[in-house]
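Side-chain atoms are counted along with the backbone in the values below, which use heavy atoms only and exclude waters and symmetry mates. None of the values given here were measured: they were computed from a predicted structure.
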Amino acid sequence: MGPPPQGPDDKALQLMKIFLWSPASGWPSMEAATAPEVAPGSTLKVKEASPADADLPQASPQRGAGSPTPQLLPPIEGGSPSPALSFHHSEHPKIWFPRALRQTYIRKAGDTVNLLIPFQGKPKPRAIWTHDGCALDTSRVSVRNGDHDSILFIREAQRADSGRYQLSVQLGRLEATATIDILVIERPGPPQSIKLVDVWGSSAALEWTPPQDTGNAALLGYTVQKADTKSGLWFTVQERCHRTSCTVSNLIVGNSYAFRVFAENQCGLSETAPITADLAHIQKAATVYKTKRFAQRDFSEAPKFTQPLADCTTVIGYNTQLFCCVRASPKPKIIWLKNKMDIQGNPKYRALTHLGICSLEIHKPGPFDGGIYTCKAVNPLGEASVDCRVDVKD
């Protein structure tokens, strides 16, 4: 007896079923299809069926590892081929999300944004981009969709381009989505004001207020600089200061200083910086020197010869000099004598005294210039004298 007659609905139902061989019973058994794999960072959705999806091929269920090879029942006689017979040539939509884009994608203002997102799906799926849930601004953002990838391109990024971008890959009732967070940053604005709070010794205290615009990024800190009025050159005294106040030390005494502060983020320092309205004058401390009194020493002494005259023998017609040294305070008066007779003012003799050294020059001595010569030193404290003998030979 043959099988009962089947209607068109029974034929379509039989073609859509997949039977897996059950080793336990030896008979075909029906199992539920497993959910398709989804690349990390993307999601897969199944939309409700619509009349527009009726003619699209349906994806085949996946089988677990070690499962027998699925068998398709032969078509029922009299039936026409169904699109479901060729669904093993299709692929579920899947987005291969780059690992680098799983975190916030940061670009500087003016930089180019060029993102290539690969995906798969057969037949060719439909790729749609949105920005914060809205359609893209085609005047600024361009998209190129290929068979296996989609490219999002922004020639010159602006802060308005920041936000969440979503890529949706649709194939019939199936949809895979991936989101990318883009942050466009720029330099921060300057701090609103800076004030010189106090000056003491060689230090100055400063305070300032944060900038109104942080450049769409977190501030890394503040950079404080100083400049003295003599040179006018700016020098950095503190970097990456996280507070809105600081103390600048080791300022040079006698100089006057101005200060300014920059805000800093990932893009760099702010383009301008406020400068303190008041100057920090580092005053010189008044120093009073107290001199220690010492007892005055009395260096007065009577004349004393430290080097006496020496006896000498000279030849007629040759100049002869006599030397001796004396010490006395106050300065003594020197008197030269020959045979106890004063010879001061005699042109034949020339007497000199310098730094306690006394000298007497005898000009071309003759036979009668020999004798006893005496040098006598006199001051208010006393007197002293030394003698020598001079012999004159032919």
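- Expressed to the nearest 0.5 Å, how far CD1 of Ile185 lies from CG of Asp111 amounts to 9.0 Å.
- Rounding to the nearest 0.5 angstrom, the gap separating the CG atom in Leu251 from the OG atom in Ser249 is 7.0 Å.
- Taking the six-membered ring for Trp and thresholds of 30 and 60 degrees, Tyr165 and His131 have nearly parallel ring planes, at less than 30 degrees apart.
- Ser139 pairs by the side chain to side chain donor-acceptor pair (under 3.5 Å) definition with Asp137, not counting sequence neighbours.
- To the nearest 0.5 angstrom, Gln192 atom CD is 13.0 Å from Ile194 atom CD1.
- No donor-acceptor distance shorter than 3.5 angstrom exists from the side chain of Asn255 to the backbone of Ile252, with no hydrogens or angles considered.
- Checking side-chain atoms of Arg140 against main-chain N and O of Glu156 turns up a donor-acceptor pair under 3.5 Å.
- Criterion: ILVMFWY side-chain heavy atoms under 4.5 Å apart, direct or through other members. Under it, Phe262 and Tyr257 are not part of a common hydrophobic cluster.
- Although no hydrogens or angles enter the test, the distance criterion places no donor-acceptor pair under 3.5 Å between the side chain of Thr374 and the main chain of Asp387.
- The backbone N or O of Ala205 sits nowhere less than 3.5 Å from a side-chain atom of Asp198 that would complete a donor-acceptor pair.
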N/O donor-acceptor pairs under 3.5 Å from side chains in residues 317-332, not counting sequence neighbours:
{"unit_1": "Asn319", "atom_1": "OD1", "unit_2": "Lys364", "atom_2": "N", "d": "2.7"}
{"unit_1": "Thr320", "atom_1": "OG1", "unit_2": "Thr314", "atom_2": "OG1", "d": "2.6"}
{"unit_1": "Thr320", "atom_1": "OG1", "unit_2": "Tyr318", "atom_2": "O", "d": "3.3"}
{"unit_1": "Arg327", "atom_1": "NE", "unit_2": "Glu301", "atom_2": "OE2", "d": "3.2"}

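- Looking at Lys124 and Asp147, a side-chain N of the basic residue comes within less than 4.0 Å of a carboxylate O on the acidic one, giving a salt bridge.
- In terms of hydrophobic clustering, with Ile, Leu, Val, Met, Phe, Trp and Tyr side chains grouped at heavy-atom distances under 4.5 Å, Val224 and Val199 are assigned to a common cluster.
- A salt bridge is absent between Lys108 and Glu186; no separation between the charged side-chain nitrogens and carboxylate oxygens falls under 4.0 Å.
- The minimum heavy-atom distance linking Leu381 with Ala302 is given by the pair O-CB, 3.6 Å.
- Inspection of the Thr179 and Gln166 side chains reveals no N or O donor paired with an N or O acceptor under 3.5 Å.
- Atom OG1 of Thr104 and atom CG of Asp181 lie 5.0 Å apart (nearest 0.5 Å).
- Under the 4.0 Å criterion applied to side-chain N and carboxylate O atoms, Asp149 and Arg144 are assigned as salt-bridge partners.
- For the 3.5 Å distance criterion, the side chains of Ser193 and Trp208 fail to qualify, holding no donor opposite an acceptor.
- Formation of a donor-acceptor pair under 3.5 Å by the Thr214 side chain with backbone atoms of Leu219 is not found in this model.
- Counted by atom type alone, Ser168 and Glu175 present one or more donor-acceptor pairs between their side chains at under 3.5 Å.
- With respect to Arg164 and Asp132, no salt bridge is recorded, no charged nitrogen being found less than 4.0 Å from a carboxylate O.
- Hydrophobic clustering (side-chain heavy atoms under 4.5 Å, transitive across Ile, Leu, Val, Met, Phe, Trp, Tyr) groups Leu152 together with Leu101.
- Residues Val141 and Leu115 fall within the same hydrophobic cluster, defined by Ile, Leu, Val, Met, Phe, Trp and Tyr side chains chained together at heavy-atom separations under 4.5 Å.
- Of the possible polar contacts, none joining the Asn216 side chain to the Arg159 backbone as a donor-acceptor pair under 3.5 Å is found.
- Heavy-atom minimum distance, Cys246 versus Cys241: CB-SG, 4.4 Å.
- Between the CD1 atom in Ile128 and the CG atom in Leu136 there is a gap of 10.5 Å [rounded to 0.5 Å].
- The closest donor-acceptor contact from the side chain of Thr276 to the backbone of Phe259 lies under 3.5 Å.
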Distance-only check: which donor-acceptor pairs under 3.5 Å involve side-chain atoms of residues 335-345, not counting sequence neighbours?
{"unit_1": "Lys338", "atom_1": "NZ", "unit_2": "Phe368", "atom_2": "O", "d": "2.8"}
{"unit_1": "Asn339", "atom_1": "OD1", "unit_2": "Ile372", "atom_2": "N", "d": "2.9"}
{"unit_1": "Asp342", "atom_1": "OD1", "unit_2": "Gln344", "atom_2": "N", "d": "2.8"}

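- With 3.5 Å as the limit, one finds a donor-acceptor pair spanning the side chains of Ser300 and Asp298.
- Remark: Leu167 CG to Ile117 CD1 distance equals 7.0 Å, nearest 0.5 Å.
- Within 6.0 Å of CD on Gln266 lie no more than 12 heavy atoms contributed by other residues, nucleotides or ligands.
- Salt-bridge annotation for Lys226 and Asp228: absent, with no side-chain N of the basic residue lying under 4.0 Å from a carboxylate O of the acidic one.
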